[in-house]
Amino acid sequence: LVERFVRLAAPARGVLDRLAAEALHRERHQAFIVDEGHVGVEEIRKYVAYTENSTRAEILTLATGERRVLETGDSQPDVVFSPDGKLLATGGYSQRPKLWDVQTGKLIREFNMRSGPSGLTPVFSPDGKTLAVGDRNSNTILFEVATGRRLLVLPKRETHELAFHP
C-alpha cells in the first residue's frame, strides 16, 4: 500500500519509489529526506508524515487518503513517529519541538529547549517513553514523553544526528 501510494503521488518518482521499497522491508519506522522535504513512514504503514520547506507538516492516512495538516510554526520541520505509531514529534528551526496525536492531528505538548531558535532533531527511544532532541546550536536534551519533563541535558553541544541503541 505504501509503495502504491508513493508511486501514484510522487513528483520525485524514482527517489520515492526507492523509499517505499525500502520502507516495506524495515521492521521499525524511519525518517527519510527527499529533496527539501522529510518523509516518515509509520511502522504499521497506516500513515505517512511529510513536510516541505515551509512551516507545515502533513499526516496522510493511507487507507482513506485523509490528510491532517499540522501548522508547526517552525521553519523546515522535521518529523518522526513514535515506535507505536500513535505520536508524531516535529522539530525544525525552532525553540520548541512539538508532540502531536497522529490520529487527530492535535497538538499534545511543546517541549521547552530554553535556547534560541535552532535546528532541532527529535528522536524517540525504542520504548517511546523518551524523546531526545538534538540541537545544532546548543545541548541535546532528553524529555519524558508522557509529561514533557526534562530528564537530562547532555554535555555535548551542536548535535546534528541522534540515535538510541536498542
Any ring-ring contact (aromatic ring centres under 6.0 Å, His included) pairs touching residues 129-151, not counting sequence neighbours? Phe111-Phe143
Nearest 0.5 Å please: distance from the [atom1] atom of [X] over to the [atom2] atom of [Y].
| X | Y | atom1 | atom2 | result |
| --- | --- | --- | --- | --- |
| Ser82 | Asp101 | OG | CG | 9.5 Å |
| Asp78 | Thr90 | CG | OG1 | 8.5 Å |
| Arg68 | Lys106 | CZ | NZ | 12.0 Å |
| Gln95 | Asp74 | CD | CG | 9.5 Å |
| Ser118 | Asp135 | OG | CG | 3.5 Å |
| Leu88 | Tyr47 | CG | OH | 11.5 Å |

Is there a path of hydrophobic side-chain contacts, each under 4.5 Å between heavy atoms of I, L, V, M, F, W or Y residues, that connects [X] with [Y]?
| X | Y | answer |
| --- | --- | --- |
| Leu152 | Leu162 | yes |
| Val80 | Phe164 | no |
| Leu120 | Ile108 | yes |
| Tyr50 | Leu62 | yes |

Please identify each residue that fulfils side chain to side chain contact (heavy atoms under 4.5 Å, CB included) with [X], with sequence neighbours left out.
| X | answer |
| --- | --- |
| Val145 | Leu87, Leu99, Phe124, Leu131 |
| Leu107 | Lys98, Trp100, Glu110 |
| Leu151 | Thr130, Leu142, Glu144, Arg149 |

Polar side-chain atom of Ser94 near backbone of Arg96 as donor-acceptor pair, under 3.5 Å: yes
How about Arg56: does its CZ atom have over 12 heavy atoms from other parts shown lying under 6.0 Å from it? no
Measure the shortest side-chain to side-chain distance between Val102 and Phe81 over non-hydrogen atoms and say whether it is less than 4.5 angstrom. yes
How close do [X] and [Y] get, heavy atom to heavy atom, and via which atoms?
| X | Y | result |
| --- | --- | --- |
| Ala89 | Pro122 | CB-CB, 3.9 Å |
| Glu52 | Pro77 | O-CD, 4.2 Å |
| Pro83 | Ser125 | CG-O, 3.3 Å |

Taking salt bridge (charged side-chain N to carboxylate O under 4.0 Å, His left out) as the cut-off, I'd like each qualifying pair that reaches into residues 124-134, sequence neighbours left out, listed once. none
In sequence, state the C-alpha distance, the side-chain angles, and the governing distance for Thr51 and Gln76, and then conclude on side-chain contact (heavy atoms from CB on, under 4.5 Å). CA-CA 7 Å; Thr51 68; Gln76 304 171 348; over 6 Å; no
Sorted by chain and residue number, the salt bridge (Lys or Arg N to Asp or Glu O under 4.0 Å) partners of Glu58 (sequence neighbours excluded) come out as Arg67
